[in-house]
Amino acid sequence: MQSFLAMGGYAAYVWPAYAVFFIVLIADTIAPRLRRQRLLRELRARFARQSARQPRAGNGSSPTPPAAIDGQ
């Protein structure tokens, strides 16, 4: 087992390479999940802002028709 871990004298190069590989592999797995969560959070906030700006149906206020704005 000792000779396997020594990697024929190249352990100082091989094991860090494995470590970098696994770190990149984990980052490639986690990054899209974090990006998806961030995008969903931004979309929810945008939707909430947009629906807060629109008048609600049934509350007595209705949007002004475009013809009335132009004075026609």
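- Both Phe4 and Tyr10 sit in one connected hydrophobic cluster of ILVMFWY residues. Membership requires side-chain heavy atoms under 4.5 Å apart, directly or through other members.
- With rounding to the nearest 0.5 Å, the separation of CD in Gln50 from CZ in Arg53 is 6.5 Å.
- A pairwise comparison of heavy atoms in Ala27 and Pro32 identifies O-CD, 4.3 Å as the closest pair.
- Between atom CZ of residue Arg41 and atom CD of residue Gln37 there is a gap of 7.0 Å, rounded to the nearest 0.5 Å.
- Applying the ring pair (Phe, Tyr, Trp, His ring centres under 6.0 Å) rule to pairs touching residues 19-55 yields nothing, sequence neighbours excluded.
- Remark: Arg38 pairs with Glu42 by the salt bridge (Lys or Arg N to Asp or Glu O under 4.0 Å) rule, at least two apart or across chains.
- Under a 4.5 Å side-chain heavy-atom criterion applied to ILVMFWY residues, the cluster that includes Ile26 comprises Ile30, Leu34 as well.
- Each of Tyr18 and Ile23 belongs to its own hydrophobic cluster when Ile, Leu, Val, Met, Phe, Trp and Tyr are linked at side-chain heavy-atom distances under 4.5 angstrom.
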